[in-house]
Amino acid sequence: MKNKIIIGLAFATPLTAMALQLNGDHTYTEEINIPTTHNWNELDGKVNTGIEIKNGSNTIFEKNVTINILREENPQDGSTITGLRSLDLNDISTTIFNGDLTINMQGNYAEAIGLDGSTSITVNGTTKLSVNDRENADAIFSAAGHLTLNGESQIDGDIDVQETGKVVINNKSIINGDFNAYDGGIIELHLKSGSKITGSAYSDGDKDEDDDDQSLGVGAGTIIIDLAKNASWDITNNDSYITQLSGQGNIKFINDNINNTYAMDSFGQLTIEHLNGGSNFDLRTNIVTEESDKIIVTKSAEGTHTINLINNGSSNTTGAEKLTLVEIDDNATNSAQFIINHAAEVGGYQYNLAKEGNNYVLASYNTLTSSAMAGVSFLNSNYLMSYVETQTLLQRLGDMRHSGQYGDVWLRGFSGKLDSFSGGKLSKFDMNYHGFQLGADKQFSEDSPFVIGAYVGQTYGDPNYRHGDGSLKSFNTGIYATFFDNDGFYIDSVAKYARQRNHFKVRDTANNHVQGTGHTNGLGLSVELGKKFKINDFYIEPQTQFSYTHQNSASIHATNGLNVKLGDYNSLIGRASALFGYEINSDNSNINIYAKTGIVREFDGDTYYKLNNSKESHSFKGNWWNNGVGISAQLNQQHTIYFDLESSPGNKFDLLQVNGGYRYSF
């Protein structure tokens, strides 16, 4: 069992009421424990102290020292009781704690360590200091003494140092409190990995000012903070000022200013005279109101520092905003670099850090985020899907001039790829797709040149987006009427309805998953006409086609908070083409081999999209070539097989598609 020295309150000396005084040279080889056995209150104007250090003492504590003091009543004169104290400014003494030092102060105006005398205190073991009166008492106060903590420490309370006082904290430390240095006071924090500070710091002032008022900010002090990697500082007030910051620690603002009467907003500002090392700063931003946490460097800046930002898809940005996150004085020595851990996605726009003069500014230059790009690209996929589903008569039914006497049933399948979409901010879109259509038709009568029919179909798309992909499913149905005459002239008209469902899943710049889904409906009408001119077994067939589509609007609510509104639009596509073919006819079979070329133009297609409340225009207007080869073969008067390979390069997109179908004639 360890031996302990338990010091009780000396009732024989009530005017001083000290538990232990340090005088002369002494080494304590046993544990010291000053327990909470009395209510320590003000006694005739004297200050109560757990351990008081007197002038000329040189004391070594080899074992642990524990001080627990309880004060139940409020002092009327605001006097302070102290766990460990040197009182006289002229005191010169040295105290060394080789074991652990624990001071727990309970009650109002109860301070853990107070150094008004010129004493030197060193703690080599673990230090634990706590006060529960954070408004009127400090964990450490020094006006003249020097305190050095070499072991690990836990400090719950403020640290105030002024005049010739100095506090140096080394090793791993957990500090929950503000630390202030003024009128020449010095605080140095050299904290190892795993350390954490929760509080604010202030060392600003005029070093040359001579003023009896020793309130905060009258004269400058010095605060030096060196944070090792994986050490952190959470700043709890909206304004902190320090002399030097170094190391590779993490700094962030957590102030909410709920109890701060003078706070103008919820953001913070850290002013640093000298910055070096490679710190990581977590900054909060509201780029819409041009407010943020901010780093200000006044005298010198060195090293490479990282700014960590949080993506916020729900913000109402326009992409034109700028926000200064780092200000470096024009007269400062500056070789520092600031980078961001990832581009910030705010609203529908992506913001990067750019250097402007000495400052670092967050700006977008209207670059869309991955989720905005994916959501808005629903416009492209729906437009192109509608184009794919409205094809030529040959692609849909083969050579209809060999239709059945009583009717036909048919099945068409197609597969292709759309890529290189050029649409301003929506460029670099591509999509693989495949689908089918199933239909039936019938002539009005045996001698009638009119055929009417209906079809249903499904189309599936696999869009590729920046940093992700998606899916598209389109249900389409329609009716058609086709007219043929004996001179090779035809008119084919189609009315259709389509319902499309889009889904995307991408990763944002912080590698978070973002998803969104949208639905839209469309109505379309297509009219195609052509005439075949035969030259023996060869022929040429000029064709033209007009396709009108109305696409309804759609809304997408992404999981990152971004709301995308897609405007409705009208599309009017015109095609002028020619077929060059060769026919092989026999009693039971007809084979039609052809090549085609032509130009296609979008005459309308103007629309818009909104990223939250930011509106952007978009247009599908453009031209593209349409080329292909194909074959349609009717066998035994009943079975028609047709195949078509199509390529459409253009200034908006490129298409490559394969069509194949089968028709049975009754």
Side-chain angles (χ1 to χ4, degrees), residues 384 387-403 408 410-420 432-437 480 482-494 526-547 573-586 589-602 622-635 639-663 665:
L384 295 171
Y387 172 70
V388 165
E389 292 172 347
T390 303
Q391 292 299 308
T392 68
L393 178 62
L394 268 173
Q395 290 173 326
R396 190 174 79 252
L397 296 170
D399 192 346
M400 276 289 288
R401 293 181 175 88
H402 304 290
S403 180
D408 305 275
W410 54 271
L411 175 66
R412 171 202 174 209
F414 54 91
S415 180
K417 182 177 182 181
L418 295 150
D419 59 15
S420 300
N432 295 320
Y433 62 90
H434 64 279
F436 69 90
Q437 290 176 336
Y480 58 91
T482 307
F483 168 84
F484 292 96
D485 68 11
N486 295 327
D487 294 329
F489 176 78
Y490 75 91
I491 298 177
D492 180 54
S493 58
V494 181
S526 171
V527 177
E528 177 187 355
L529 57 91
K531 180 174 176 59
K532 180 182 289 187
F533 297 93
K534 301 193 67 172
I535 308 172
N536 297 321
D537 292 335
F538 294 91
Y539 70 89
I540 181 172
E541 183 175 292
Q543 296 179 346
T544 187
Q545 183 180 18
F546 287 93
S547 302
I573 296 176
R575 175 177 63 88
S577 302
L579 265 65
F580 303 90
Y582 178 76
E583 291 184 319
I584 302 173
N585 299 312
S586 64
S589 301
N590 303 96
I591 299 175
N592 177 9
I593 303 171
Y594 61 88
K596 62 180 180 179
T597 187
I599 189 169
V600 185
R601 177 175 179 81
E602 170 62 74
N623 307 312
W624 58 94
W625 288 101
N626 178 252
N627 305 303
V629 294
I631 183 171
S632 177
Q634 185 184 53
L635 306 175
H639 307 281
T640 302
I641 300 173
Y642 42 98
F643 177 84
D644 182 275
L645 177 63
E646 179 182 13
S647 173
S648 293
N651 65 351
K652 283 291 185 179
F653 64 89
D654 296 333
L655 175 147
L656 183 63
Q657 179 173 304
V658 176
N659 301 277
Y662 168 77
R663 189 174 81 248
S665 300

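It should be emphasised that the depicted structure is a prediction, and the values quoted were computed from it without experimental measurement.
- Side-chain contact between Tyr433 and Leu384 is absent, with no heavy-atom pair separated by less than 4.5 Å.
- Annotation: the span from Leu411 atom CG to Arg663 atom CZ amounts to 12.5 Å, rounded to 0.5 Å.
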Could you go through the side-chain contact (heavy atoms from CB on, under 4.5 Å) check for Ile584 and Asp537 one step at a time? CA-CA 7 Å; Ile584 302 173; Asp537 292 335; over 6 Å; no
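- Around atom CG of Asp485, more than 12 heavy atoms belonging to other residues, nucleotides or ligands sit under 6.0 Å away.
- Annotation: side chain of Phe538 is not in contact with side chain of Phe580 (no heavy-atom distance under 4.5 Å).
- Between Gly622 and Asn651, the shortest heavy-atom distance links the atoms CA-OD1, 3.6 Å.
- Expressed to the nearest 0.5 Å, how far CG of Asp492 lies from CD of Gln545 amounts to 8.0 Å.
- The two atoms that bring Val388 and Arg412 nearest to each other are O-NH2, 4.1 Å, heavy atoms only.
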Assess the residue pair Ile573 and Val600 against the criterion (side-chain contact (heavy atoms from CB on, under 4.5 Å)); give the C-alpha distance rounded to whole Å, side-chain angles, the decisive distance to 0.1 Å, and a yes or no. CA-CA 7 Å; Ile573 296 176; Val600 185; 3.3 Å; yes
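- In summary, the side chains of Gln395 and Glu646 do present a donor paired with an acceptor at a separation below 3.5 Å, with no hydrogens or angles considered.
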Do Asp487 and Lys531 pass the side-chain contact (heavy atoms from CB on, under 4.5 Å) test, and can you show the C-alpha distance, the side-chain angles, and the key distance before you say yes or no? CA-CA 8 Å; Asp487 294 329; Lys531 180 174 176 59; 3.5 Å; yes
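- Taken from CD in Gln437 to CD in Glu389, the straight-line distance is 6.5 Å, to the nearest 0.5 Å.
- In this structure, CD1 in Ile631 is found 13.0 Å from CG in Leu645, a value given to the nearest 0.5 Å.
- For the atom pair OH (Tyr490) and CD (Glu541), the distance works out to 5.0 Å, reported to the nearest 0.5 Å.
- Scanning both residues, Asp408 and Ser665, for their nearest heavy atoms gives OD1-OG, 2.5 Å.
- Considering only heavy atoms from C-beta on, Asp644 stays 4.5 Å or farther from Thr392 through its side chain.
- Within the 4.5 Å cutoff, no side-chain heavy atoms of Asn590 are placed close to those of Glu583.
- Proximity of Leu655 to Tyr387: side-chain heavy atoms (C-beta onward) are separated by under 4.5 Å at one or more points.
- For the pair Leu394 and Leu579, the minimum side-chain heavy-atom distance is below 4.5 Å.
- Between Ile641 atom CD1 and Gln634 atom CD the span is 11.0 Å, to the nearest 0.5 Å.
- A donor-acceptor pair shorter than 3.5 Å cannot be found between the side chains of Arg396 and Gln391.
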Apply side-chain contact (heavy atoms from CB on, under 4.5 Å) to the pair Trp624 and Asp654, showing each step before the final yes or no. CA-CA 8 Å; Trp624 58 94; Asp654 296 333; over 6 Å; no
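- Listed here is the closest heavy atom pair of Asn627 and Gly598: OD1-N, 4.2 Å.
- You'll find the side chain of Tyr480 stays beyond 4.5 Å of the side chain of Ser526, heavy atoms only.
- Donor-acceptor pairing under 3.5 Å is recorded for the side chains of Tyr539 and Asn592.
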